[in-house]
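Below, chains carry the letters A, B, ... as their sequence lines are ordered, and counting in each starts from 1.
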Amino acid sequence: MADEEEVVDEEPEVAQAGSGDSEAGLSPVEAEKPLAPPKYEVRPRLGHKFQAQNVKAIILSTMKEQLTDRQYRADQAPRWAKMISNTVRQRVQDLDMKRYKILVQTTLLEMKGAGFKCGQRCIWDPETDYYTDELFRNDTIFCHTVVYGVYMY
Amino acid sequence: MAQDEDEEDLSFNVEEVQNIVRDNIEFCLGGNTYSHSRVPQWITVITEKTLTRLNKLNKPFKYIMRITVTQKNGSGLHTAAAYFWDIATDGTCTVRWENKYMYCIINIWALSLQM
C-alpha cells in the first residue's frame with residue numbers, strides 16, 4: 001500500500017519532471033526570434049530580373065544614333081564599332097540590374113553581297129541568364145549587336 | 001602547392017581552349033567552300049563539340065560561345081566588345097581562322113561561378 005502510494009506519488013513527480021522538461025524544451029523555441037530570410041539569393045527577385053525589352057530599345061537607339069546617314073568607311077568602322085559597344089554597355093549599366101554581369105558584342109559589316117552566318121551556344125542557367133540582340137541596316141552598313149546578361153550567384 | 005593547383009583549376013586557360021576550338025574548326029570546315037545552306041549545320045557541329053569538351057574540363061564557369069562565318073568577298077568586317085565583369089576571374093578567348101573561301105571567328109566567354 002505504502003509502496004503503491006509511493007509509486008503513485010512518484011509517478012506524478014516523474015510526470016511533472018517530464019512536463020517540466022518539455023516546458024523547458026518548449027520555452028527556448030518560443031523565446032527564439034523567427035529565422036531571418038536568407039541573404040544569399042540564387043534567383044533574381046521579381047523586379048530585379050534582366051530587362052530585356054529596355055535593353056533592346058537601348059541597343060536600337062544607340063545603333064541608329066551612331067550609324068544613320070553614314071556610309072561604310074574602312075578606316076572609321078573600327079572606331080564606330082568600339083563606340084557602339086561602349087555606349088551600349090554604359091547605358092545598360094545605368095539600368096542598374098543588380099548582380100548581373102554584362103557582355104556586349106558589336107559586329108559591323110560592309111554590304112557587298114558576302115554571305116554571313118552567325119550562331120551561338122551557351123552553357124548557363126536559363127532561368128537567370130538572358131540575351132537580346134538587334135540588327136541595323138542601311139545601304140552600305142550592316143550592324144548586329146548582342147547583349148548578354150549573366151547572373152552572379 | 002595545393003593552392004597553386006587550385007588556382008590553375010579556377011582560372012580560364014586560354015591556350016587550352018584555343019587548341020580545342022582550332023581542332024574542331026579544322027575537322028569541320030577544313031577545305032570546304034562557303035555554302036549558305038550548309039553553314040548552319042557546321043556551326044551546330046562546331047559549337048556542340050566545343051562546348052562538350054569545355055564542359056568536360058569541369059571548371060566552375062558558365063560559357064557563352066559565338067561563331068561568325070563570312071564568305072571571302074573583299075567586304076570589311078569589324079567586331080568590338082565591351083564587358084562589365086570581374087576581370088580577375090572571368091576570361092575571353094577569340095580564335096580567327098580562314099581558308100581560301102571563308103573566314104571564321106569564334107568568341108568564347110567564360111564567366112566564373114564563384115566570388
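- Contact of V39(B) with chain A is made through the side chain alone, with heavy-atom distances under 4.5 Å.
- In this structure, R43(A) places its CZ atom where more than 12 heavy-atom neighbours from other residues, nucleotides or ligands lie under 6.0 Å away.
- Each ring-ring contact (aromatic ring centres under 6.0 Å, His included) pair with one or both residues in residues 99-143 of chain A, not counting sequence neighbours, appears once here: F50(A)-Y100(A), F50(A)-Y130(A), Y100(A)-Y151(A).
- Chaining together hydrophobic side chains whose heavy atoms lie under 4.5 Å apart leaves L60(A) on its own.
- F27(B) and I43(B) fall into different hydrophobic clusters, where Ile, Leu, Val, Met, Phe, Trp and Tyr side chains are chained together by heavy-atom contacts under 4.5 Å.
- Counting only heavy atoms from C-beta outward, the side chains of V146(A) and R66(B) approach each other to under 4.5 Å.
- Listed options C143(A), A77(A), G115(A) were ranked by heavy-atom pairs under 4.5 angstrom with chain B; first place goes to G115(A).
- From K62(B), atom NZ reaches atom SG of C122(A) across 10.5 Å, with rounding to the nearest 0.5 Å.
- Cluster annotation: I87(B) is connected to L111(B) through the hydrophobic network of ILVMFWY side chains, with a link wherever side-chain heavy atoms come within less than 4.5 Å.
- Against chain B, the residues from residues 81-92 of chain A that qualify, each with a non-hydrogen atom under 4.5 angstrom away, are A81(A), K82(A), S85(A), N86(A), R89(A) in number order.
- Both I59(A) and F84(B) are assigned to one and the same hydrophobic cluster, defined by single-linkage of ILVMFWY side chains at heavy-atom distances under 4.5 Å.
- No side-chain heavy atom of L103(A) sits under 4.5 Å from any side-chain heavy atom of T92(B).
- Linking ILVMFWY residues whenever their side-chain heavy atoms come closer than 4.5 Å, directly or via other members, places V14(B) and V95(B) in the same cluster.
- Within 6.0 Å of atom CG in D69(A), 12 or fewer heavy atoms from other residues, nucleotides or ligands are found, so the atom counts as exposed in its surroundings.
- Interatomic distance, CD of Q76(A) versus NE2 of H78(B), reported as 10.5 Å (0.5 Å rounding).
- Looking at W109(B) and Q105(A), their side chains come closer than 4.5 Å, going by heavy atoms from C-beta outward.
- The CD atom of Q120(A) lies 10.0 Å from the OG1 atom of T68(B); values are rounded to the nearest 0.5 Å.
- A distance of 8.0 Å separates CG of N107(B) from OG1 of T107(A), quoted to the nearest 0.5 Å.
- Contact count against chain B (heavy-atom pairs under 4.5 Å) is highest for K117(A) among M111(A), Q93(A), K117(A).
- R121(A) contributes atom CZ, which lies 5.0 Å from atom OG1 of T44(B) (distance to the nearest 0.5 angstrom).
- Of the listed residues (I105(B), I106(B), L51(B), I108(B)), the greatest number of heavy-atom pairs within a distance under 4.5 Å of chain A belongs to L51(B).
- The 12-atom threshold is exceeded at CD of E65(A), counting heavy atoms of other residues, nucleotides or ligands nearer than 6.0 Å.
- Looking at D129(A), the atoms closer than 4.5 Å to chain B (heavy atoms on both sides) all sit in the side chain, from C-beta outward.
- Considering only heavy-atom pairs separated by less than 4.5 Å from chain A, the leading option among L54(B), T70(B), T50(B) is T70(B).
- Under a hydrophobic-cluster definition in which Ile, Leu, Val, Met, Phe, Trp and Tyr are linked whenever side-chain heavy atoms come within less than 4.5 Å, directly or via other members, I123(A) and M65(B) are assigned to the same cluster.
- Annotation for K112(A) and S75(B): closest pair CB-CB, 3.5 Å, computed over non-hydrogen atoms.
- Residues that satisfy the side-chain contact (heavy atoms from CB on, under 4.5 Å) test with T52(B), not counting sequence neighbours, are absent from this structure.
- Counted within 6.0 Å of NZ on K56(A), heavy atoms from surrounding residues, nucleotides or ligands total more than 12; the atom is thus considered enclosed.
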